[in-house]
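Counting convention: from 1, in listed order, for ligands and their atoms alike. Position 1 is the first residue of the sequence; numbering continues from there.
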Amino acid sequence: MSQCNRRTFIVQLVAGSSALAFGRLSVADEAKKILTEDDAYAKSMGFRLDTTQVDQAKYPKHTVEQKCSECQLFSGEPGEPLGPCSFFGKRLVPVDGWCRNFKPNGAA
Ligand code: SF4
């Protein structure tokens, strides 16, 4: 299993466990809310589950400090591995994710 696949699996496992713990959503429902790199729109935005996996040649302004947890459009709870992204219709993204619509916290 590659590093990226392992990370994806862990993120999905944590999301599924959280849903069961709170009893609000089934694992399948929660999994559908998680944005994947295979989603066509996410792909067009260069979305990656792990900011360290971003193609620097394609996105030369990207830095590894840019990640979903530092983005204005992320509204996850502190300590949670995933949180909603308003840019992607509140679908869940990992704290270490990234897309080319990254907007740093505190920027106008
Ligand atoms: S808009 Fe921000 S929070 Fe949403 S995926 Fe892109 S970098 Fe992450």
Those atoms of ligand 1 less than 4.0 Å from some heavy atom in Cys71: 1 (S), 2 (Fe), 3 (S), 7 (S)

field: Distance (rounded to the nearest 0.5 Å) between Cys68 SG and Arg48 CZ
entry: 12.5 Å

query: Is Phe88 reachable from Phe102 through a run of I, L, V, M, F, W or Y residues, each pair having side-chain heavy atoms under 4.5 Å apart?
result: no

Polar side chain donor-acceptor pair, Asp50 to Thr52, under 3.5 angstrom: yes

- line: For Phe88, the atoms of ligand 1 under 4.0 Å from one of its heavy atoms are 5 (S)

message: Under 2.8 Å from atom 6 (Fe) of ligand 1, is there any N, O or S atom belonging to Cys99?
response: yes

statement: All heavy atoms of Lys43 vs all of Glu37, minimum pair found to be CE-O, 3.6 Å

- request: With rounding to the nearest 0.5 Å, note down the distance linking CG in Leu92 to OG in Ser75.
  value: 9.0 Å

message: Within ligand 1, which atoms have a heavy atom of Leu73 less than 4.0 Å away?
response: 1 (S)

- line: heavy-atom search around atom 8 (Fe) of ligand 1 in the protein gives Cys68 SG, 2.3 Å

field: Closest protein heavy atom (residue, atom, distance) for atom 4 (Fe) of ligand 1
entry: Cys85 SG, 2.3 Å

